[in-house]
Amino acid sequence: MKGIIVMNEELRNLSLSGHVGFDSLPDQLVNKSTSQGFCFNILCVGETGIGKSTLMDTLFNTKFESDPATHNEPGVRLKARSYELQESNVRLKLTIVDTVGFGDQINKDDSYKPIVEYIDAQFEAYLQEELKIKRSLFNYHDTRIHACLYFIAPTGHSLKSLDLVTMKKLDSKVNIIPIIAKADTIAKNELHKFKSKIMSELVSNGVQIYQFPTDEETVAEINATMSVHLPFAVVGSTEEVKIGNKMAKARQYPWGVVQVENESHCDFVKLREMLIRVNMEDLREQTHARHYELYRRCKLEEMGFKDTDPDSKPFSLQETYEAKRNEFLGELQKKEEEMRQMFVMRVKEKEAELKEAEKELHEKFDLLKRTHQEEKKKVEDKKKELEDEVNNFQKKKAATQLLQSQAQQSGAQQTKKDKDKKNPWLCTE
Amino acid sequence: MSKGLPETRTDAAMSELVPEPRPKPAVPMKPVSINSNLLGYIGIDTIIEQMRKKTMKTGFDFNIMVVGQSGLGKSTLVNTLFKSQVSRKAASWNREEKIPKTVEIKAIGHVIEEGGVKMKLTVIDTPGFGDQINNENCWEPIEKYINEQYEKFLKEEVNIARKKRIPDTRVHCCLYFISPTGHSLRPLDLEFMKHLSKVVNIIPVIAKADTMTLEEKSEFKQRVRKELEVNGIEFYPQKEFDEDLEDKTENDKIRQESMPFAVVGSDKEYQVNGKRVLGRKTPWGIIEVENLNHCEFALLRDFVIRTHLQDLKEVTHNIHYETYRAKRLNDNGGLPPGEGLLGTVLPPVPATPCPSAE
């Protein structure tokens with residue numbers, strides 16, 4: 001049976017004659033998201049001691065436990081911690097990622113690398129999940145960085161070259177919001193000049209920072225007015241000081257009190273408005289729709305996938321997928337073969353060596369044995385010789401003794417005769 | 001005595017083959033719960049407003065399919081549901097249009113707006129279903145259509161350069177019209193629902209319920225429910241997708257008591273007790289469509305539009321579409337046989353083609 005499909009391309013605009021009820025759709029959608037909870041991940045990039053942890057504590061009105069880092073870290077590493085916050089019926093899974101040791105080394109050439117690697121790794125994890133056959137994206141714990149707060153040191157002059165280099169490397173991967181830290185060390189007139197210098201440097205170096213969205217009427221106005229104050233000069237404090245008859249977050253100096261939430265003292269309130277109360281959802285959306293898509297596109301192109309081939313016939317991803325997979329399997333097999341051959345070869349070598357050693361041993365043993373035999377024989381010969389000599393000697397001795405005794409006897413007789421002869425007076429009568 | 005060299009040679013050779021493991025980036029620790037110590041208002045709950053504004057700006061898509069034999073009042077019901085002339089067929093009383101010889105699939109898109117919320121509604125009609133003498137496999141064109149929409153979405157999703165918003169033409173909800181015989185389900189009904197409940201959300205609806213009395217209605221509903229259960233047909237809301245206890249109790253009530261909804265449709269208004277209501281005028285009285293004592297149309301409307309519309313879309317996206325996708329990626333290189341470069345059957349595709357030192 002053939003099924004004929006008729007699609008009407010042009011959409012008709014209908015008017016409703018009564019209340020249907022789908023205006024509750026946004027609520028339905030929002031309810032679902034609320035029950036699942038939201039994820040928000042902030043990356044804080046800045047030198048050690050510039051006030052990152054304090055600012056996070058101030059922004060979220062809590063004391064996130066953390067030990068201050070030392071200045072002698074060998075390299076930059078990223079420390080991520082997750083927290084669950086709840087306000088009315090909204091559950092937020094907040095992850096704060098800290099750059100430990102940033103700006104402390106003597107050679108800062110590679111400082112940006114661990115940061116870029118971390119951001120890419122989160123994109124990669126999401127991409128892997130998306131490419132799986134059996135995947136569960138709807139309850140995936142999103143670890144991608146939604147906002148990067150770049151802490152600029154309050155020198156009062158301009159951006160450091162480390163700042164420019166790092167921000168340039170990060171601007172296509174994450175939403176960068178530059179802020180001036182410890183702003184209570186800059187005087188008001190200097191602050192204005194400092195801000196303009198920073199913004200012009202960013203523009204002239206082509207650094208793309210996060211643009212607060214101005215396309216929707218409800219937020220366009222507030223976003224536009226706030227953008228003028230970028231980069232926000234913030235002061236963070238979790239200590240409270242009595243101001244008038246209220247307790248407020250502030251820093252107490254001998255010469256006065258810097259109030260964190262006073263807009264004429266610093267831009268903290270503006271930062272909180274922009275980051276959390278107005279644009280949090282937009283930050284999440286930009287991360288997914290722009291930065292992640294860019295990463296995905298680059299990664300897939302790098303792996304050799306294309307949307308269309310030279311004849312502009314659309315490739316199916318599966319086709320290239322399969323081709324790549326076969327290629328990979330082939331390579332894997334080849335490598336396996338290589339490894340196996342290598343193994344076999346090495347085993348042979350070892351065997352040969354062992355045989356050699358064994359042969360040597362045998363030879364040595366034989367040699368020793370022979371030498372032993374020879375020595376033995378020599379000793380025996382010598383022994384024999386000695387014995388012969390002894391025998392000879394004994395014989396000679398015997399012979400000589402005999403001769404001696406004979407000689408003695410004859411001698412004795414002779415002497416007797418002589419004696420007899422000699423002594424005429426002997427009685428021979 | 002033996003040369004120490006072979007050992008070092010082995011190690012050097014081995015390290016050539018095994019790539020150096022990439023340093024693992026910092027992994028977030030388990031979340032620490034900090035709730036009741038919030039010292040002041042942060043403003044996190046504004047995200048709800050922010051999200052709502054964004055969704056209102058982008059608008060919603062909803063695609064509803066109606067399936068049933070001709071004359072069961074499908075077009076009228078859709079018009080009643082959306083309070084507008086969604087389906088022009090019902091308006092023309094002259095049935096000059098012949099019943100089609102095969103099942104046709106007609107999808108017509110509309111844009112409706114209410115309370116600042118814009119919705120692109122697509123109604124997919126299936127004239128010819130169940131109308132032939134031999135109705136074997138008449139659900140196949142429908143199943144094919146549904147799968148084609150999944151395929152379209154998958155192709156878009158799999159592109160390198162993706163659109164910001166992938167146009168969603170997948171069928172979110174399928175209203176199946178049961179003939180009010182009063183006895184039981186027909187074999188065609190069972191076959192259709194058995195096949196399609198696996199690929200789309202089916203909501204069975206008893207059409208033209210004004211032909212049954214209250215007792216007949218409740219008996220019929222019970223029998224239909226039993227038959228559906230016996231045949232293993234999981235209609236929406238499916239038991240296995242209940243998210244939590246709250247959902248389960250709410251949905252259980254709907255599944256076991258209200259469904260299938262016995263409805264009456266009408267787009268004509270009459271004066272009843274001084275009010276203008278949608279209804280059907282008969283010699284023995286006016287059947288008020290939105291009166292819960294008369295029929296369950298209001299329940300169906302609230303269920304589909306006011307409470308479960310988003311959920312219908314989500315179940316379609318998170319479950320039916322994912323099932324389709326997984327099956328596609330597991331099969332035959334994802335291509336129908338004979339097409340493309342690879343016509344051979346390949347083993348399941350791993351998650352990533354690149355070797356990774358895990």
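Chain A is the first sequence line, chain B the second, and so forth, proteins listed ahead of strands; every chain is numbered from 1.
Looking at heavy atoms from C-beta onward, Met51(B) lies in side-chain contact with Arg284(A) at the 4.5 angstrom threshold. Residues Asp27(A) and Arg52(B) meet the side-chain proximity criterion, which asks for heavy atoms closer than 4.5 Å.
At a 4.5 Å heavy-atom cutoff, Val97(A) makes no contact with chain B through either its backbone or its side chain. Proximity to chain B (any heavy atom under 4.5 Å) is shown, for Leu332(A), by neither the backbone nor the side chain. Only the backbone of His308(B) comes within contact range of chain A, with at least one heavy atom under 4.5 Å from a heavy atom of that chain. If you measure heavy-atom distances from Arg306(B) to chain A, the contacts under 4.5 Å come from both the backbone and the side chain. Residue Arg297(A) touches chain B through both its backbone and its side chain, counting heavy-atom pairs closer than 4.5 Å. Looking at Phe22(A), both its backbone and its side chain come within 4.5 Å of chain B, counting heavy atoms on both sides.
For the set Asp215(A), Val90(A), Leu137(A), the count of heavy-atom pairs under 4.5 angstrom toward chain B peaks at Val90(A). Chain A forms more heavy-atom pairs under 4.5 Å with one residue of Met119(B), Lys327(B), Arg325(B) than with any other, namely Arg325(B). Between chain A and the options Lys54(B), Glu269(B), Lys313(B), Glu314(B), the largest number of non-hydrogen pairs under 4.5 Å is found for Lys54(B). The greatest number of non-hydrogen atom pairs below 4.5 Å with chain B, out of Arg91(A), Glu285(A), Arg77(A), is found for Glu285(A). Between chain A and the residues Gln310(B), Glu322(B), Glu114(B), Arg165(B), the most heavy-atom pairs under 4.5 angstrom are made by Glu114(B). Chain A forms more heavy-atom pairs under 4.5 Å with one residue of Lys118(B), Glu157(B), Glu49(B) than with any other, namely Glu157(B). Interface summary for chain A: among Asp302(B), Thr55(B), Leu81(B), Leu309(B), the most heavy-atom pairs under 4.5 angstrom belong to Leu309(B). When each of Asp120(A), Ile276(A), Ile96(A) is checked for heavy-atom pairs under 4.5 Å with chain B, Ile276(A) comes out on top.
Heavy-atom neighbours of chain A within the stretch residues 56-64 of chain B, taken at a separation under 4.5 angstrom, comprise Met56(B), Lys57(B), Phe60(B).
Rounding to the nearest 0.5 Å places CG of Asn31(A) at 11.5 Å from CG of Asp311(B). With rounding to the nearest 0.5 angstrom, the CD atom of Glu293(A) is 12.5 Å from the NZ atom of Lys163(B).
Nearest approach of Gly115(B) to Asp23(A), heavy atoms of both residues: CA-CB, 4.4 Å. Minimum heavy-atom separation, Ile44(B) to Glu87(A): N-OE1, 2.9 Å. Scanning both residues, Gln50(B) and Asn279(A), for their nearest heavy atoms gives OE1-C, 3.6 Å. When all heavy atoms are compared, the tightest approach of Tyr292(A) to Arg162(B) is CE2-NH2, 3.8 Å. Between Arg277(A) and Ile42(B), the shortest heavy-atom distance links the atoms NE-O, 2.8 Å. Contact detail for Gln28(A) and Thr307(B): the closest heavy-atom pair is OE1-O, 3.2 Å.
The neighbour count for Lys53(B) NZ, taken as heavy atoms of other residues, nucleotides or ligands under 6.0 Å away, is above 12. With a 6.0 Å radius and a threshold of 12 heavy atoms from other residues, nucleotides or ligands, Phe343(A) has its CZ atom at or below the threshold.
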Evaluate Ile160(B) against Glu301(A) for side-chain contact (heavy atoms from CB on, under 4.5 Å), listing each step before the verdict. CA-CA 8 Å; Ile160(B) 308 264; Glu301(A) 274 171 9; 4.0 Å; yes
Checking Ile48(B) against Asn89(A) for the side-chain contact (heavy atoms from CB on, under 4.5 Å) test, could you report, in this order, the C-alpha distance in whole Å, the side-chain angles of both residues, the deciding distance, and whether it holds? CA-CA 10 Å; Ile48(B) 294 192; Asn89(A) 60 339; 4.1 Å; yes
